[in-house]
Amino acid sequence: MNMYDIITKKKHGETLSEEEIRFAVNGFTDGSIPDYQMSALLMAICLKGMNDSETAAMTFAMRDSGSIADLSAIPGLKADKHSTGGVGDKVSLLVGPMVASLGVPVAKMSGRGLGHTGGTIDKLESIPGFSVTLSNEKFMENVKKTGLAIVGQSDDLAPADKKMYALRDVTATVDSIPLIAASIMSKKLVSGSDVIVLDVTMGSGAFMKTLPDAIMLAETMVRIGEASGKKVYAVITDMNQVLGTYVGNALEVREAVYALKGDIAEDLKRTCLKIAGLMLLGCKKADSLFEAEQMLSEVLQDGRAFESFCAFVKAQGGDVKYIKDPELLPKAACKRVVKAEEDGYLVSMNAETVGRSSVILGAGREKKGDPIDMAAGIENYAKVGHRFQKGDTLGILYTNREESLDAAEKLYRSAFCFGALPVAEPTTIYGIVDETGFHPL
Ligand code: URA
């Protein structure tokens with residue numbers, strides 16, 4: 001077997017065998033296959049696609065490239081969730097404690113921000129003292145004690161994905177449904193949970209720009225889950241505008257804390273209830289999604305979800321004073337209020353552009369390794385379908401880099417399209433995918 005023949009086969013649109021896929025993934029991971037040959041194969045896959053069995057074979061080869069977390073010492077079914085990325089997506093900060101407070105352990109590995117999208121690990125690091133690296137023993141101890149632990153991705157889990165993703169990032173081969181599915185599912189399968197709920201975002205701020213593509217990605221990942229013996233659901237959610245109100249690390253933690261005390265934006269609430277509800281349903285803590293969502297609404301109202309968040313933060317070294325009073329979280333030295341320049345309805349928003357504006361302010365990284373300004377970000381009141389009058393506040397930009405404000409404001413304004421006629425508010429959740437297919441909501 002050699003890489004040249006494998007590349008040629010895929011270039012002609014033929015189906016690769018499991019052995020050929022394992023040969024390519026293992027060889028690239030151990031360094032015997034060079035970057036240029038793997039790049040050629042990835043590009044051929046981007047252009048010619050992969051069927052379900054090839055995608056599953058690639059996922060399993062990537063899963064097996066490192067170690068697999070063993071959560072069997074934690075009693076009961078464990079749940080995990082993963083988002084394909086968004087702007088203002090603080091869902092993991094809420095769903096983790098909501099589910100944990102109802103007795104379902106959540107042992108989660110999360111990522112850092114990528115491009116215009118934020119990452120849970122960066123957000124958690126805005127809490128003074130919070131540690132995103134725990135030893136295996138401490139990780140397990142915390143899950144047993146508080147029901148929830150969230151850490152950064154460790155190097156020995158799915159190393160093939162780490163190497164392949166870095167190559168895809170610089171060879172324009174990220175936007176391939178089978179490659180995205182294999183990348184995400186390889187990481188989810190090594191993290192050891194029994195039930196996985198995928199939040200597949202769709203729209204201007206997401207990888208998937210259309211509903212058919214989002215459904216195809218969701219169905220592919222659910223089928224991979226089924227083939228590996230895990231219970232996997234996917235929820236297709238809207239990312240044509242900012243989720244909730246805030247974008248930026250400390251700003252989103254602050255929003256999450258108020259939300260966990262019951263003061264929560266409607267779109268954020270709907271998304272969290274659906275994702276957390278499927279986690280409970282999959283772990284057999286509720287007989288129906290309706291019942292699960294009712295249980296979850298109660299823990300948001302009666303303080304149990306908030307208490308669970310406090311216990312989680314404390315167990316990972318975070319100073320709970322900042323959670324009890326989130327106004328103490330890092331605040332930016334400079335702000336700019338952005339006002340509507342004319343009357344009109346907000347017809348559409350480019351959420352990616354809003355995300356890029358927050359990166360200019362310092363909330364994300366222009367390139368890997370850049371420092372983040374934890375206090376930077378956007379308080380966004382521009383919601384599609386709302387009517388604004390000249391002078392109304394669209395949003396407030398926060399930063400410690402005063403010189404970034406002009407460019408960030410220009411970009412932020414360019415994200416909006418106003419019109420004279422009313423438009424409907426967009427759907428928050430398009431549907432759920434399970435092993436029987438897509439169910440619109
Ligand atoms: N997120 C991932 O983890 N992998 C991809 O390929 C795309 C998004």
Side-chain angles (χ1 to χ4, degrees), residues 21 24-25 28-29 38-39 41-47 49-50 54-63 65-66 69 80-87 89 91-92 108-123 150-155 157-191 193 196-210 213-222 224-225 228 230 232 234-237 239 275 351-352 355 364-365 368:
I21 290 172
V25 170
F28 180 60
T29 310
M38 195 59 173
S39 305
L41 179 62
L42 291 168
M43 185 56 84
I45 292 170
C46 252
L47 298 175
M50 286 198 295
E54 290 174 291
T55 310
M58 178 160 280
T59 310
F60 298 154
M62 289 160 75
R63 173 196 65 190
S65 65
D80 193 1
K81 62 86 58 181
H82 181 87
S83 163
T84 56
V87 181
D89 180 354
V91 172
S92 291
K108 187 161 170 45
M109 262 151 278
S110 285
R112 294 200 178 271
L114 197 68
H116 66 280
T117 65
T120 302
I121 288 300
D122 292 329
K123 291 170 200 182
I150 304 181
V151 291
Q153 199 82 36
S154 76
D155 284 344
L157 295 178
D161 176 62
K162 202 169 186 161
K163 248 186 123 177
M164 284 167 70
Y165 195 89
L167 196 59
R168 287 168 60 211
D169 208 19
V170 292
T171 54
T173 51
V174 169
D175 60 345
S176 145
I177 288 177
L179 291 178
I180 295 175
S183 164
I184 292 175
M185 287 309 289
S186 66
K187 286 183 291 231
K188 288 294 105 183
L189 297 182
V190 295
S191 67
S193 289
I196 299 159
V197 180
L198 303 162
D199 180 357
V200 178
T201 51
M202 189 286 286
S204 60
F207 272 115
M208 297 296 114
K209 304 291 181 202
T210 67
D213 276 357
I215 293 173
M216 197 183 292
L217 175 61
E219 288 182 341
T220 306
M221 293 195 289
V222 168
I224 295 171
S228 71
K230 304 269 183 190
V232 180
V235 185
I236 308 213
T237 62
M239 194 39 73
I275 291 168
E352 178 172 345
R365 298 178 184 85
K368 206 174 158 206

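Excluded from the calculations below are hydrogen atoms, water molecules and symmetry mates; all remaining heavy atoms, backbone and side chain alike, are included. Atoms within a ligand are numbered from 1 in the order they appear, just like the ligands themselves.
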Q.
Using a 3.5 Å distance criterion without hydrogens, assess whether the side chain of H116 forms a donor-acceptor pair with backbone atoms of G205.
A. yes
Q. Considering only heavy atoms, which of D175, I184, L217, D161 lies nearest to atom 1 (N) of ligand 1?
A. I184
(Q) Give me the nearest non-hydrogen protein atom to atom 8 (C) of ligand 1 as residue plus atom name, then the distance to 0.1 Å. (A) F207 CE1, 3.3 Å
(Q) As a test of understanding, state which of M185, K188, M216 forms a side chain to side chain contact (heavy atoms under 4.5 Å, CB included) with M221. (A) M185
Q | Passing option when T84 is tested against D199, L198, T117, L217 for side chain to side chain contact (heavy atoms under 4.5 Å, CB included) | A | L217
Q. Just which atoms of ligand 1 are under 4.0 Å from any heavy atom in S183?
A. 2 (C), 3 (O), 4 (N), 5 (C), 6 (O)
(Q) In this structure, does ligand 1 have an atom that sits under 4.0 Å from one of the heavy atoms of I180? (A) yes
**Q.** Inter-residue atom distance M208.CE - T201.OG1, 0.5 Å rounding
**A.** 8.5 Å
Q: Heavy-atom contacts with Y165 under 4.0 Å: which atoms of ligand 1 show up? List them by number with element.
A: 4 (N), 5 (C), 6 (O), 7 (C)
Q | Salt bridge D161-R63, side-chain N to carboxylate O under 4.0 Å | A | no
Q. Should you measure from each heavy atom of K187, which atoms of ligand 1 turn up under 4.0 Å away?
A. 2 (C), 3 (O), 4 (N)
